[in-house]
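Scroll down for the structure; my scribbles are underneath it.
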Amino acid sequence: MKIQVTKFGLSAAAGLVALTLAGQPAHASGVIKIGDINSYKSQPVFTDAYKKGMMLAIDEINAKGGVDGKKLELITRDDNANPGDAVRAAQELIDKDNVDILAGSFYSNIGTALTDFAKQKKRFMLITEALSDNIVWSAGNRYTYRLDASTYMLSSALIDDAVKSGKKRWALVYPNYEFGTSAAKAFKEQLKAREPDVQFVTEQAPPFGKIDAGSVTQAIIDAKPDAIFNVLFGADLAQFVREGETRGLLTAKMPVFSIITGQPEYLEPLRDEIPPNWTVTGYPWYSIKTPSHVAFLKAYQGKYGKGPLRFGSIIGYDAIKSIEAALKVSGGKADTESMVKAFSGLKFDTPDGPMQYRALDHQATFGLYVGKLALQDGKGVMVDYHYVPGDKLLPPDDVVRKMRPADAN
């Protein structure tokens, strides 16, 4: 393209070049900006550790010279636990902060909103934590990838143990929003496929954050189940556990299968009220002895002190490490098309072993720890646990293809 200089300055062609460069300041300055939208105010226990994990990875990468000579920079925005605010924050990160890569979201409804934003704006988006299945399946698109295990994967991790229990009459309790309803649906479908004669005798779906634990507990007692599948977390879980123990529902004789309860964020508020005989998914950071995780723990506590880790710690760290792996594949290019192509089928290493973003549905093969709850030294922990690779927790490829839009890849 030939550029001419007139008395009015640069020609229109040169102006176009200038505008193009203005839209990519991070590349020109040798910095790749990552914009994270998350529920920093409403979920501080998770997100504080999450941001620390991200910064640990960024500092490690930048200390080695960055990726292809470019340093990484993190810019965060709070979503106020509101999908509309999350979308506005994402747009602001693009327009005002000129970020290259978008990431984040904790709540499933916000993750779904940001998934649609990525599709509409044709911008790469890495959903780091939001668990709803629709993010990679029914609402999936070519611009959105997800790191953490989905509600289907979490439910799938418990199915083998649920079948081995031999229980036939099941009660389900879950928060009445996308995360809870999606997890309950996945558990019922998978258990019914394995055990056609099981019955679901009651489903209790209280509003998130507004559980009437007494009435929920009594309804489950009245239904006379042999076992319970639980999706409650946070304050709702604590109230349900206390009421369930007071009314005699949650005794050692009642097996409960519960997703995410073994994560430190949700164990610690229970203190010494850890319920017996619960099979859970979680993050037993305090007793994982693989060399890669021991090294991560040493680095994290070396930077932030000897306090406990959270599940957010590992999610934040893995998110940045996967972005680093993609940037190496793309040769340091962080534009949307380069990221979309680099993440498709991307293999990356984590403290919990190798993982991959599947080209089929953009879901990472994030593995899960499954074990039992126990009380040790006055604290809730996971014991007798085992690690299940994420690729073992997903449905067959032909089933996924039917759930995902034809143009999503």
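All values derive from a computational prediction rather than experimental measurement.
Between A408 and G140 the shortest heavy-atom distance is CB-O, 3.5 Å. Here the closest non-hydrogen pair linking F366 and A149 is CB-N, 3.7 Å.
Atom OH in Y286 sits 11.5 Å away from atom CG in L309 (nearest 0.5 Å). K71 contributes atom NZ, which lies 12.0 Å from atom CD1 of I58 (distance to the nearest 0.5 angstrom). In this structure, CE on M339 lies 4.0 Å from OG on S330, to the nearest 0.5 angstrom.
Considering T281, V280, I274 in turn, V280 is the only one that fulfils the side chain to side chain contact (heavy atoms under 4.5 Å, CB included) rule with T261. Exactly one residue among F233, F179, Y174 makes a ring pair (Phe, Tyr, Trp, His ring centres under 6.0 Å) with F208. That residue is F233. Tested against D59, the residues K64, K303, K52 include a single salt bridge (charged side-chain N to carboxylate O under 4.0 Å, His left out) partner, K303.
Residues meeting the salt bridge (Lys or Arg N to Asp or Glu O under 4.0 Å) test with R310, sequence neighbours left out: E268. Contacts of Y304 classified as ring pair (Phe, Tyr, Trp, His ring centres under 6.0 Å), with partners at least two apart in sequence or in another chain: Y300. By the side chain to side chain contact (heavy atoms under 4.5 Å, CB included) test, A139 pairs with N134, sequence neighbours left out. Residues passing the salt bridge (Lys or Arg N to Asp or Glu O under 4.0 Å) test with R271, sequence neighbours excluded: none.
Ring pair Y107/Y177 is perpendicular by interplanar angle, where above 60° counts as perpendicular and below 30° as parallel. Below 30°, between 30° and 60°, or above 60°: for H362 and Y145 the angle between ring planes is below 30°, a parallel geometry. Note on ring orientation: taking the six-membered ring where Trp is involved, the planes of W137 and Y152 are perpendicular (angle over 60°, cut-offs 30° and 60°). Relative ring orientation between W170 and F257 is described as tilted, the plane-to-plane angle lying within the 30° to 60° band. Between Y40 and Y50, the ring planes lie tilted relative to each other; the angle falls in the 30° to 60° range.
For Y143 and F124, the distance between ring centers is not under 6.0 angstrom.
Counting only residues at least two apart or in different chains, side chain to side chain donor-acceptor pair (under 3.5 Å) contacts with residues 223-237 comprise N230-S258. Judged as a salt bridge (charged side-chain N to carboxylate O under 4.0 Å, His left out), the pairs with a partner in residues 142-166 (not counting sequence neighbours) are, in order, R142-E337, D160-R194.
Looking at E324 and K328, a side-chain N of the basic residue comes within less than 4.0 Å of a carboxylate O on the acidic one, giving a salt bridge. For the pair K119 and D116, the salt-bridge criterion is not met [side-chain N within less than 4.0 Å of a carboxylate O].
L249 has its side chain within reach of I228: a pair of non-hydrogen atoms, C-beta onward, lies under 4.5 Å apart.
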